[in-house]
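All values below come from the heavy atoms of this structure, side chains included, with hydrogens, waters and symmetry mates left out.
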Amino acid sequence: MRAPALYSAAGSLLLTTLAAAPADGAPAVPGAAEVRGTTVAAARARAAGIDFGTCPEAEDLPGGMLCGTVSVPLDYAHPDGRQIRLTVSRAPATHKDPHNSKRRVPRQGALVYNPGGPGASGMAFPLVGGLPEWKRLAAAYDLVGYAPRGVGRSAPLSCKDPEQFFKAPSQAPTYPSESYKRERIAQAKAYARGCAERAGEALLHYTSLNNARDLDVLRAALGEEKLTFMGASYGTYFGALYATLFPSHVRRMVFDSAVNPDPEQIWYRNNLDQSAAFEGRWEDLREWIARHDDVYGLGDTAEEVLRSYEKARARLAAEPAGGKVGPGQLQGTFLSAGYYDDLWPHRAQALSAYLKGDPKPLIQQAGPHPEAAAEAENANAVYTAVECNDARWPTEWRVWDRDNTRLARVAPFETWDNVWTNLPCAYWPAPRQQPLDVRTGPGELPPTLILAAERDAATPYEGALEMHRRLSGSVLVTERDAGTHGIAGGPNPCVNGHVDAYLLEGRLPARRAACAPRPQPQPRPVAGSQKAPAARAASR
């Protein structure tokens with residue numbers, strides 16, 4: 001995820017531009033038509049339910065999983081118009097207490113999950129029920145995942161031919177030239193046009209507000225009076241929109257790695273903050289590699305590791321590894337390690353091996369995978385459409401150039417890559433919305449749980465603090481001195497204890513709580529290295 005946003009009380013739905021005028025000619029209340037449309041769609045969904053059965057082969061899910069679909073309006077202002085189908089997956093509650101085989105655990109309902117994006121599918125979520133960290137929740141809840149509108153088989157969105165999506169090898173200049181900028185501007189304009197040409201008038205209906213409305217229809221289709229929901233990353237943004245729009249429909253909600261929902265942050269400023277935060281995570285990774293110089297030989301300081309990385313960049317610019325891994329692919333694979341520190345040993349191993357003459361690990365980790373092109377293109381199309389539709393973006397290149405040139409002086413690692421990802425929003429052909437002001441007052445919303453890693457770069461920690469301020473009665477649990485993105489159900493028993501206590505018993509800490517960081521990853525030896533034995537000894 002790159003950034004997120006949310007907000008508003010049910011009575012002030014400021015975000016939509018699609019409200020219909022009342023028949024008597026009185027001024028329209030922004031969002032009133034969508035409110036009525038959501039009520040109609042939810043009533044229909046409750047009556048129809050979801051006919052769960054064997055999952056289609058296209059979902060690539062194991063036999064024990066159940067799948068179905070739920071219909072939602074493309075445009076909630078016109079609930080009797082075009083309908084689209086969202087795919088849904090479910091694993092029924094096991095009722096098995098992992099600590100007491102003789103105890104039958106009562107079912108508490110459905111736990112619906114969204115992994116973020118925008119553009120990510122939650123269809124595989126119910127599989128987590130087999131992991132030790134999730135078994136208590138799997139005993140009490142039906143685990144429910146789904147693909148949001150536009151994603152996967154849920155009215156899939158596309159902006160360009162998937163075969164043309166991966167461009168490899170590619171450059172990723174830290175300080176791009178004027179000619180390179182002009183080239184990327186042209187690409188951004190072409191991509192925005194492609195979205196409009198392929199989606200047509202449907203394009204403007206891929207929004208965070210509609211994702212929140214879809215969630216309420218899904219709740220009704222599942223037969224749930226109130227929603228129990230866990231959203232990660234971007235899922236926290238439209239989860240917060242849901243909490244603002246439908247507070248009386250909320251049972252329990254977990255916001256894992258919260259987006260900053262301040263309307264002024266959505267989405268341009270959130271992306272600037274994200275680029276700044278990734279510089280800190282990039283330094284964390286380099287410091288970790290430096291502490292294991294006996295294994296990787298990339299330098300015993302963060303600065304020396306950076307020089308090794310830049311040496312690899314220069315070499316790849318001159319001669320791409322395997323003909324398909326250039327500086328762009330190198331940057332992308334190390335950026336992913338900024339999200340998840342369990343990737344650190346793999347990335348360090350690949351960089352070390354490459355500089356020692358073995359490019360195979362780097363090609364394997366950083367090279368494009370053509371078989372995943374359609375899924376990747378779809379995810380990027382949904383990401384772009386939702387973020388571009390959700391809010392106003394600067395439409396003059398000079399603003400982007402000024403802000404990011406300034407930022408790149410202190411945070412060069414991700415800044416320009418983030419620009420190129422989001423630049424189609426400067427030339428977006430669909431109407432922009434005014435972000436909803438996420439805010440709930442005392443007693444309007446049941447207590448909710450917010451989780452955040454202190455050094456998370458994808459959703460910087462200030463976003464969790466802002467979410468906490470805006471959702472009255474929420475409690476924030478912080479994983480100190482850690483930066484993995486998405487911390488629920490991971491290796492930290494303190495975090496998981498708070499999640500289980502809340503979802504299973506409705507119990508929250510009395511005030512903000514803190515957890516010690518998860519253990520740092522252990523290094524992996526570089527194949528063929530004379531220092532491998534030392535690494536093996538260190539990993540015991």
Heavy-atom check, side chain of Y76 versus side chain of V217, under 4.5 Å: yes
For T440 versus A243, what's the shortest heavy-atom pair and its separation? CG2-O, 4.1 Å
Charged N to carboxylate O under 4.0 angstrom, E479 versus R518? yes
Can you tell me if T415 and N404 form a side-chain donor-acceptor pair at under 3.5 Å? no
Report yes if the side chains of L343 and S336 come closer than 4.5 Å at any heavy-atom pair, otherwise no. yes
If I compare all heavy atoms of N389 with all of P431, which pair ends up nearest, and what's the gap? OD1-O, 4.0 Å
Do the side-chain N and O atoms of W344 and D284 include a donor-acceptor pair separated by under 3.5 angstrom? no
Do the side chain of T236 and the main chain of A232 share a donor and acceptor less than 3.5 angstrom apart? no
Would you say R85 and S154 are linked by a side-chain donor-acceptor pair, where the criterion is simply a distance under 3.5 Å? no
If you apply the rule side chain to side chain donor-acceptor pair (under 3.5 Å), what do you find for D216 with Y242, and how did you get there? CA-CA 8 Å; D216 199 54; Y242 183 95; 2.5 Å; yes
Charged N-O contact under 4.0 Å between R470 and D262: yes
Please state whether the rings of Y309 and F334 are parallel, tilted or perpendicular, taking 30° and 60° as the class boundaries. perpendicular
No-hydrogen, no-angle side-chain donor-acceptor test under 3.5 Å, N211 and Y234: yes
Any donor-acceptor pair under 3.5 Å from Q274 side chain to P460 backbone: no
Does a side-chain heavy-atom distance below 4.5 Å link I84 with R149? yes
Around atom CD of E319, are there more than 12 heavy atoms from other residues, nucleotides or ligands closer than 6.0 Å? no
Does a side-chain heavy-atom distance below 4.5 Å link K311 with L355? yes
Hey, is the main chain of G486 close enough, under 3.5 Å, to the side chain of S257 for a donor-acceptor pair? yes
Qualifying salt bridge (charged side-chain N to carboxylate O under 4.0 Å, His left out) pairs, either residue in residues 394-409, two or more places apart: K181-D401, E396-R398
Using only heavy-atom distances, determine whether the side chains of D390 and Y206 contain a donor-acceptor pair under 3.5 Å. no
Can you check side-chain contact (heavy atoms from CB on, under 4.5 Å) on R82 and D75, steps first, answer last? CA-CA 7 Å; R82 177 182 168 187; D75 179 359; over 6 Å; no
Do other residues, nucleotides or ligands put more than 12 heavy atoms under 6.0 Å from K324 NZ? no
Just by distance, with hydrogens left out, do T459 and D456 show a side-chain donor and acceptor under 3.5 Å apart? yes
Show the numbers, then the answer: is there a side-chain contact (heavy atoms from CB on, under 4.5 Å) between L86 and V72? CA-CA 7 Å; L86 309 185; V72 301; 4.1 Å; yes
Hey, is the main chain of P412 close enough, under 3.5 Å, to the side chain of W416 for a donor-acceptor pair? no
Return yes when atom CD of E462 has more than 12 non-hydrogen atoms of other residues, nucleotides or ligands closer than 6.0 Å, and no otherwise. yes
Would you kindly say whether N260 and N270 are connected by a side-chain donor-acceptor distance under 3.5 Å? no
Heavy-atom side-chain proximity of M230 to V499 below 4.5 angstrom: yes
Just by distance, with hydrogens left out, do S158 and R198 show a side-chain donor and acceptor under 3.5 Å apart? yes
Tightest non-hydrogen contact, residues R480 and Y461, listed as NH1-OH, 4.3 Å
Qualifying residues under side-chain contact (heavy atoms from CB on, under 4.5 Å), relative to A379, sequence neighbours excluded: none
Compare every heavy atom of N210 with every heavy atom of T207, then report the nearest pair and how far apart it is. OG1-N, 3.0 Å
Any side-chain to backbone donor/acceptor pair from N378 onto L157? Under 3.5 Å, distance only. yes
With under 30° as parallel and over 60° as perpendicular, where do the rings of F278 and Y339 fit, or are they tilted in between? tilted
Check the pair W428, L203 against side-chain contact (heavy atoms from CB on, under 4.5 Å), reporting the backbone distance first and the verdict last. CA-CA 10 Å; W428 198 242; L203 185 62; 3.6 Å; yes
Of all heavy-atom pairs linking D341 and P521, the shortest is O-CG, 3.2 Å
E279: partners by side chain to side chain donor-acceptor pair (under 3.5 Å), with sequence neighbours left out: none
Kindly list each side-chain donor-acceptor pair under 3.5 angstrom involving residues 112-125, sequence neighbours excluded, with atom names and distances?
from : atom 1 : to   : atom 2 : distance (Å)
N114 : OD1    : G116 : N      : 2.8
S121 : OG     : M123 : N      : 3.2

Heavy-atom donor-acceptor pair, H468 side chain to S474 backbone, under 3.5 Å: yes
Mark yes or no for whether E377, through its side chain, and C159, through its backbone, hold a donor-acceptor pair below 3.5 Å. yes
Taking the side chain as everything from C-beta on, heavy atoms only, tell me whether D214 gets closer than 4.5 Å to Y146. no
Can you give the donor-acceptor pairs under 3.5 Å from side chains of residues 162-176 to other protein atoms, not counting sequence neighbours?
from : atom 1 : to   : atom 2 : distance (Å)
S170 : OG     : Q329 : NE2    : 3.0
T174 : OG1    : R313 : NH2    : 3.4

Check this for me: E264, atom CD, are more than 12 non-hydrogen atoms of other residues, nucleotides or ligands nearer than 6.0 Å? no
Under 3.5 Å, sequence neighbours excluded: what are the donor-acceptor pairs made by side chains of residues 184-192?
from : atom 1 : to   : atom 2 : distance (Å)
R184 : NE     : Q187 : OE1    : 3.1
R184 : NH1    : Y180 : OH     : 2.9
Q187 : NE2    : E183 : OE2    : 3.4
Y191 : OH     : N380 : ND2    : 3.0
Y191 : OH     : A381 : N      : 3.4

Crowding at CD, Q83 (>12 non-hydrogen neighbours, <6.0 Å): yes
With distance as the sole criterion, is a donor-acceptor pair present between the side chains of R392 and Q433 under 3.5 Å? no
Looking at R455 and D481, is any side-chain nitrogen of the basic one under 4.0 Å from a carboxylate oxygen of the acidic one? no
Heavy-atom pair with the smallest gap, counting every atom of S208 and F238: O-CB, 3.7 Å
Start with the C-alpha gap between N492 and I487, add the side-chain angles, then the distance that decides, and say whether side-chain contact (heavy atoms from CB on, under 4.5 Å) holds. CA-CA 8 Å; N492 194 320; I487 61 178; over 6 Å; no
Heavy-atom count around R269 CZ within 6.0 Å, excluding the residue itself: above 12? no
When you compare the side chain of N271 with that of E387, does any pair of heavy atoms fall below 4.5 Å? yes
For T395 and A426, indicate whether the former's side chain and the latter's backbone hold a donor-acceptor pair under 3.5 Å. no
With salt bridge (Lys or Arg N to Asp or Glu O under 4.0 Å) as the criterion, how do R307 and E310 come out once you've worked through the C-alpha distance, each side chain's angles and the decisive distance to 0.1 Å? CA-CA 5 Å; R307 284 194 286 273; E310 294 296 345; over 6 Å; no
Regarding N422 and N418, do their side chains bring together a donor and an acceptor under 3.5 Å, going by distance alone? yes
Does R286 make a cation-pi contact with F413, if we ask for NZ or CZ under 6.0 Å from the ring centre and within 45° of the axis? no
Quick one: pull up OG1 in T484 and OH in Y340 and give me the separation to the nearest 0.5 Å. 9.0 Å
